[in-house]
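One structure below.
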Amino acid sequence: MPPSRCHSRPAIIPVLFKSLFRMPSAAFIDNKRAVAALFQQALFSAYPALQQDEAPFAIEVEKPKNPDHGHFAVNSALQLARKLGAKPRDIAEAIVAALPASDLITGKPDIAGPGFINIRLAASAETRVVPAIFAAADEFGKSTDGAGKKVMVEFVSANPTGPLHVGHGRGAATGDTLARLLETQGWNVSREFYYNDAGAQINNLGLSVQARLREKAGIDAAFPEDGYRGQYIVEIAERYAAENPADAKGENFDAVCKFAVAALRHEQDLDLKAFDVQFDVHYLESSLYTDGLVEKTVEHLVRMGHTYEKDGALWLKTTDYGDDKDRVMRKSDGTFTYFVPDIAYHVTKWERGFGRAITELGADHHGSLARVRAGLQAMQMGVPQGYPDYVLHQMITVMRGGEEVKISKRAGSYVTLRDLIDEVGRDATRYFFVMRKSDSQLTFDIDLAKSRSEDNPVYYVQYAHARICSVLAQWGGDVASLRGADLSPLTSKYESDLLRAMADFPELLAAAARELAPHLVCVYLSDLAAKLHSYYNAEKFLVEDEKLKLARLALILATRQVLKNGLAVVGVSAPEKM
RNA sequence: GCCCUCGUAGCUCAGUGGAUAGAGCAUCCCCCUCCUAAGGGGAGGGUCACACGUUCGAUUCGUGUCGAGGGCGCCA
């Protein structure tokens, strides 16, 4: 296991405490809460009876998507219309009339449409986010809600039977971004890779390599029917023969298997490193057998009484826990089915102190979800019912030359993760995989990604960052001096849009982590970049008016910080030049 | 047949219990004597698959139908 991450882990704790004291990102959220509190007060003063309810009505403040509707909107008048037996607009009038004076809000709230109350913040409240960003810097947007609790994110978990393909790439990008997201929320995250290095697949791998060795040695041998036909098998065979001249025919089957697995694991590790994905732990399925955990798990399940013997096999009554049919645990030939080590593995997650675990899988494995959960419940060892959380990513359709490329290890047709990283670039590949909701299918057009890489959305976001760097460089002043800039000249629509978008960042990260939805970060970044580009084209930053210039530079400096922080969550670089 | 996910612009995809459903690409028209045009502004393009229900309000929630993908083996 790579030690680097393990060593860096303890550093999280002081960071948490530091940010707790600073509360860097609380500024704008407080605006929202303060507005809610004002309206709560107004509501109870206009309708005192509401306060007497056992569950008093709570004001909800939301952000309207249409900017013409102000910074915040309150829809309580609509929600209360029936209960109060009054027209929504009349209720809204009464609430607004009862509103206490406050320097938070500018002007009188509008009553619009069917009964929305639209609120505009005072400029001083709006710009508060900028100094908050400067103070928190790389920590802006983070939260301590996770309280340092342990969570494991298991992802990729490819069998060591071939190179990583595009599907693994999607899993790697999704899982790693999830891990980064949880870290922003103060969780103590461990990234884990589970190797299915036991069982029929490995046997099959060994047979495939062996067949190529025999071919090489001029022995007429049939290639295994379900064998792996990829070119990489031939290469492994060649290397095996070169490094083991005494066994050029591959008669030592165990040695061939070990060699092939080691070679493929090494390749996979290199690919993941190139993708900037690092694991804390690589867990070997084979160790579950050698450590006796599979046997132990089976014995425990039998003792708990959710098993039975039938047709010479041992069955687990997964139907007791919501599965649609019972599952065989031990086959009539005495070997275990794959889902037994799966359960044993998840038991170790719980026993290793992970109160929360997230398993990132391709959707083609979703069948294992109900079985593993059922198995954990049948263990009756206090594991919560929904353990572990699952994030499934849908299949990828790969297009090349206008035609679909069928991904098949056995047939040998392949687009590897390495191909994408080499041809499209790490940043673009990661961004592309994360920008789509993981449970919708995505089409990866290789030609488009390669030949028109400038159309890739990641450049749009990175360009915004680079543009800001360029402006600041031309200004040539001391960036630190912008920290205390007077922000009152920031009054345009573009400036207000940027301020509001940046103030949303902490909530966005919290929501993306809560929903286990990394793509929301990309959606956000793309939106923030668009606001910067619009601003750039509409206004000049390096203007004569010194006060205005410094205010604008402070604003884009803050924007650069938020872009950088967001890109870091997705694992994409923030270049200073492009 | 049963289970899971999805169905939103020509294409690839976001989004939401609320006000006029968005972006990129593609098509068309504009914008660099000016901080990077890898950019911006504008036009066209939609029965949010369909039906019924819940709701003051449904594209969003529920049920059903249709369509796409995946899973349903003593394979992993």
Side-chain angles (χ1 to χ4, degrees), chain A residues 62 64-66 68-69 73 75 77-83 87-88 112-116 118 159 161 196 198-204 226 285 310-315 322-325 327-339 341-342 362-371 390 392-395 397 399 432 435-445 448 452-464 466-475 519-520 522-524 526-527 529-530 532-543 549 552-553 556 577-578:
Chain A
E62 56 183 31
K65 53 189 168 190
N66 184 340
D68 294 342
H69 297 145
N75 63 1
L78 292 157
Q79 293 173 314
L80 286 167
R82 167 172 281 193
K83 184 177 174 67
K87 289 181 193 162
F116 294 100
N118 294 333
N159 294 346
T161 54
N196 290 112
Q201 305 275 21
I202 300 299
N203 198 51
N204 201 4
D226 294 329
E285 181 190 0
K310 193 181 106 188
D311 303 332
L314 180 68
W315 296 69
D323 202 356
D324 52 357
K325 58 181 84 166
R327 307 288 166 175
V328 169
M329 293 169 68
R330 192 174 56 224
K331 299 183 253 180
S332 47
D333 67 4
T335 61
F336 296 109
T337 55
Y338 67 93
F339 94 100
D342 271 0
D364 55 338
H365 288 92
H366 84 259
S368 76
L369 193 154
R371 275 165 264 171
Y390 279 92
L392 304 177
H393 66 260
Q394 280 292 336
M395 302 290 90
T397 307
M399 303 291 286
F432 198 100
M435 67 184 285
R436 269 71 191 271
K437 197 166 47 180
S438 66
D439 56 12
S440 70
Q441 294 160 180
L442 84 81
T443 302
F444 201 123
D445 187 327
L448 186 77
R452 316 185 54 180
S453 59
E454 71 277 7
D455 286 340
N456 215 303
V458 66
Y459 296 112
Y460 185 80
V461 178
Q462 290 181 316
Y463 183 43
R467 256 187 164 171
I468 294 170
C469 292
S470 173
V471 172
L472 292 170
Q474 288 200 27
W475 169 58
H519 74 284
L520 294 176
C522 293
V523 173
Y524 172 84
S526 162
D527 179 64
L532 186 277
H533 288 310
S534 289
Y535 184 31
Y536 181 95
N537 277 277
E539 313 272 11
K540 196 164 162 60
F541 305 144
L542 300 174
V543 289
K549 179 173 76 183
R552 286 180 172 173
L553 290 175
I556 63 170
K577 276 185 184 171
M578 287 176 74

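Below, read A as the first sequence line, B as the second, and so on, with proteins coming before strands; counting in each chain starts at 1.
Whole-Å rounding puts the A:Leu553 CG to B:rC35 P distance at 15 Å. Protein atom OH of A:Tyr459 is 21 Å distant from nucleotide atom C1' of B:rG40, rounded to whole Å. We find that CD of A:Gln441 is positioned 16 Å from P of B:rC4, with the value rounded to whole Å. Nucleotide B:rC4 holds its C1' atom 4 Å from the NE2 atom of A:His366, rounded to whole Å. Between the P atom of B:rC32 and the OH atom of A:Tyr536 lies a distance of 14 Å, rounded to the nearest Å. The interatomic distance linking A:His533 (NE2) with B:rG41 (P) rounds to 10 Å, in whole Å. Atom CZ of A:Arg467 is separated from atom P of B:rC32 by 15 Å (rounded to the nearest Å).
Judged by distance alone, with hydrogens and angles left aside, A:Tyr338 brings a side-chain donor or acceptor within reach of the base of B:rA76, the pair sitting under 3.5 Å. For a distance-only test at 3.5 Å, the side chain of A:Asn118 qualifies as a donor-acceptor partner of the base of B:rA19. Taking only distance into account, the side chain of A:Asn537 meets the base of B:rG39 through a donor-acceptor pair shorter than 3.5 Å. Judged by distance alone with a 3.5 Å cut-off, no donor-acceptor contact links the side chain of A:Ser440 to the base of B:rC6.
Considering only side-chain N and O atoms, A:His69 lies nowhere under 4.0 angstrom from the phosphate OP1 or OP2 of B:rU20. Listed pair A:Lys549 / B:rC35 fails the phosphate criterion, with no side-chain N or O lying under 4.0 Å from OP1 or OP2. Between A:Lys331 and the phosphate of B:rA76, there is a side-chain N or O to OP1/OP2 separation shorter than 4.0 Å. Not one side-chain nitrogen or oxygen of A:Thr337 sits closer than 4.0 Å to the OP1 or OP2 atom of B:rG73. Neither OP1 nor OP2 of B:rG73 sits under 4.0 Å from any side-chain N or O of A:Arg327. The shortest distance between the side-chain N/O atoms of A:Tyr460 and the OP1/OP2 oxygens of B:rG40 is below 4.0 Å.
Here the side chain of A:Val471 is nearest to one of B:rU5, B:rG70, B:rC35, namely B:rC35. Closest to the side chain of A:Leu542, from the set B:rA76, B:rA19, B:rC35, is B:rC35. Relative to the side chain of A:Phe541, the nucleotides B:rC35, B:rA19, B:rG15 differ in distance, and B:rC35 lies closest. Comparing B:rA19, B:rC74, B:rA76 against the side chain of A:Pro64 picks out B:rA19 as the nearest. With B:rC35, B:rG69, B:rA19 as the candidates, the nucleotide lying closest to the side chain of A:Ser470 is B:rC35. Of the candidates B:rG41, B:rA14, B:rG39, the closest approach to any side-chain atom of A:Arg436 belongs to B:rA14. The listed nucleotides are B:rA19, B:rG69, B:rA14; the one nearest the side chain of A:Gln394 is B:rG69.
At the heavy-atom level, A:Leu442 lies under 4.0 Å from the strands shown only through sugar-phosphate atoms. Among the heavy atoms of the strands, none lies under 4.0 Å from A:Ala464. Looking at heavy-atom distances under 4.0 Å, A:Asn75 makes contact with a base. A:Lys325 comes within 4.0 angstrom of sugar-phosphate atoms only, judged by non-hydrogen atoms across all strands, and of no base. Among the protein residues, A:Ala363 comes within range of the sugar-phosphate backbone only, with heavy atoms under 4.0 Å from sugar or phosphate atoms but none that close to a base. Residue contacts shown for A:His519 are limited to sugar-phosphate atoms, with no base heavy atom under 4.0 Å away. Looking at heavy-atom distances under 4.0 Å, A:Gln79 makes contact with a base. Contacts of A:Thr443 with the nucleic acid, taken as non-hydrogen atoms under 4.0 Å apart, involve only primed sugar atoms and P, OP1 or OP2. Within the 4.0 angstrom heavy-atom criterion, base atoms lie near A:Asp311.
When the shell of 6.0 Å around NZ of A:Lys331 is examined, it contains more than 12 heavy atoms from other residues, nucleotides or ligands.
Taking the C1' atom of each, B:rU60 and B:rA14 are spaced 14 Å apart, rounded to whole Å. With P as the reference atom, B:rG17 and B:rG7 are 15 Å apart, rounded to whole Å. Straight-line distance between the C1' atoms of B:rU27 and B:rG10: roughly 10 Å, to the nearest whole Å. Atom name P, nucleotides B:rG24 and B:rG62: the rounded distance is 31 Å, in whole Å. Atom name C1', nucleotides B:rG69 and B:rU55: the rounded distance is 33 Å, in whole Å. Comparing B:rU20 with B:rC52, their P atoms are spaced 22 Å from each other, to the whole Å. For B:rA37 and B:rA23, the P atoms lie 22 Å apart once the distance is rounded to whole Å. Atom P of B:rA26 sits at a distance of 13 Å from the matching atom of B:rG40, rounded to the whole Å.
Between the side chain of A:Ser470 and the backbone N or O of A:Ala466, no donor-acceptor pair lies under 3.5 Å. Side-chain atoms of A:His366 come within 3.5 Å of backbone N or O of A:Ala363 as a donor-acceptor pair. The backbone N or O of A:Leu553 lies less than 3.5 Å from no partner atom in the side chain of A:Trp475, so there is not a single donor-acceptor pair.
In this pair, A:Phe541 and A:Tyr536 present their aromatic rings perpendicular. The plane angle is above 60°, beyond the 30 to 60° band.
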